[in-house]
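Ligands are counted one by one from 1 in listed order, and the atoms in each one are counted from 1 as well.
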Amino acid sequence: MKTQRKLKRGIGILFLCGLAFTAVLCRKSEQPPPTSYQNSRYYTPVPVDPSRLVQAEYPRNLILLIGDGMGVSHITAALTANKGRLNLEHLRHVGLTRTQSLNRYVTDSGSAATAIASGVKTFDRAVGVGPDSQAVMTILQMAHARGLATGLVATSTITHATPAAFIAHQISRDDQEAIAADFLDTRIDVFIGGGRKYFTERGDGRNLVRELEERGYTVLESLDAADSVLSGPLAVFTSEDGNPRVPERGDLLPRATATALRLLSCNPNGFFLMVEGSYIDGGGHDNDTGRIVDEMLDFDRAVGEALAFAEKDGNTLIVAASDHETGGMALADGSFAEGRVEAAYTSGNHTGVMVPLFAAGPKAALFIGIYENTGIFDRMTEALGF
Ligand code: MG
Ligand code: ZN
């Protein structure tokens with residue numbers, strides 16, 4: 001009897017140990033990324049003489065940079081991680097924008113980008129269409145109609161919601177093949193991003209890369225090859241789908257920004273360029289502090305490229321905006337001396353808080369204050385005299 005009881009107890013203990021081990025294993029596989037992050041890639045912001053940014057009353061060029069999902073905490077995390085310095089600080093006219101969509105307190109990137117690109121509040125997931133599902137004119141299309149050169153740069157697919165809202169008109173952001181086809185309907189001088197497959201592997205059998213080439217585009221698959229291109233129109237697909245993360249893709253976004261600026265600035269009438277740091281949002285959704293910091297610093301280096309150009313030019317308005325906050329991110333601790341941040345999150349989705357906007361150059365003072373995201377469009381078109 002005694003041995004039997006001992007045996008039973010032994011089996012019981014073994015069973016409990018097994019359960020505990022499985023629980024530990026399960027928890028490990030479901031574990032979120034660490035909320036603290038120690039940066040190791042520091043850089044010095046570009047030196048800027050603020051007086052050289054404004055050499056005219058009105059800007060000839062407009063560079064709009066959008067940090068997707070970028071809230072004040074994301075910026076503070078980047079500022080801390082880079083030991084207290086960012087290029088964004090050179091953009092001294094600061095505002096706050098309200099982000100609600102037509103039908104939701106918490107917006108998605110499609111309706112938010114449509115508000116910024118066209119000044120229209122629309123329903124979630126829409127790109128470039130108003131509440132009646134009809135196409136709305138975008139600032140990129142207005143710029144083209146007035147003889148300005150135009151460009152789009154993104155780390156996501158170029159057909160993703162944010163860049164799409166500047167050139168496409170679709171009820172659903174998910175229809176990236178239809179969005180790709182819309183790139184053939186507006187003459188755009190430079191676009192650089194991922195998403196080649198939406199132009200080539202299509203349900204309708206069209207090969208949009210060939211169609212672009214027939215219209216005179218140089219179509220490339222790497223930025224290196226773009227260095228020898230002296231004039232547009234140029235399309236660079238840096239990936240079949242979205243681009244990889246910062247450690248793999250390196251300085252793709254700042255370099256793409258510089259390439260676009262080099263080509264667009266050949267137009268004496270000026271240009272409109274939108275540059276998106278697409279994956280700050282992804283870091284927010286994953287509550288991944290390291291990814292947020294990496295993507296934020298990458299975006300800030302693109303801001304640095306814009307500043308370096310604008311300082312030489314003197315007629316360029318720079319606007320760095322956001323479409324919404326992602327992650328409900330807060331900073332629990334950090335060290336400017338060590339470049340370390342510790343974050344906490346209240347959401348795995350977008351949130352409804354106001355997001356910051358920074359501007360520099362001619363007419364930058366228009367962007368001070370609190371206003372709707374549609375007000376970004378109103379101010380940009382006022383500055384350009386549209
Ligand atoms: Mg986006
Ligand atoms: Zn998102």
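A donor-acceptor pair under 3.5 Å links the side-chain atoms of Y42 to the main chain of N39, judged by distance alone.
Take the Zn ion (ligand 2) and draw a sphere of radius 2.8 Å; the protein N/O/S atoms inside it number 4.
Among the candidates N243, I158, L220, the single residue satisfying the side chain to side chain contact (heavy atoms under 4.5 Å, CB included) test with T238 is N243. Of the options V209, T157, V219, a side chain to side chain contact (heavy atoms under 4.5 Å, CB included) to F199 is made by V209 and by none of the others.
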Between D251 and R41, is a salt bridge (Lys or Arg N to Asp or Glu O under 4.0 Å) present by the stated rule, with each step listed?
CA-CA 12 Å; D251 59 356; R41 286 187 289 266; over 6 Å; no

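When the shell of 6.0 Å around CZ of R98 is examined, it contains 12 or fewer heavy atoms from other residues, nucleotides or ligands. Counting non-hydrogen atoms of neighbouring residues, nucleotides and ligands closer than 6.0 angstrom, the CZ atom of R146 exceeds 12 such neighbours.
Distances from the Mg ion (ligand 1) show that T162 has an N/O/S atom below 2.8 Å.
N315 and Y58 are not linked by any side-chain donor-acceptor pair at a separation below 3.5 angstrom, with hydrogens and angles left out of the test.
The name of the N, O or S atom in E276 nearest to the Mg ion (ligand 1) is OE2. Taking the N/O/S atoms of D68 in turn, the shortest distance to the Mg ion (ligand 1) belongs to OD2.
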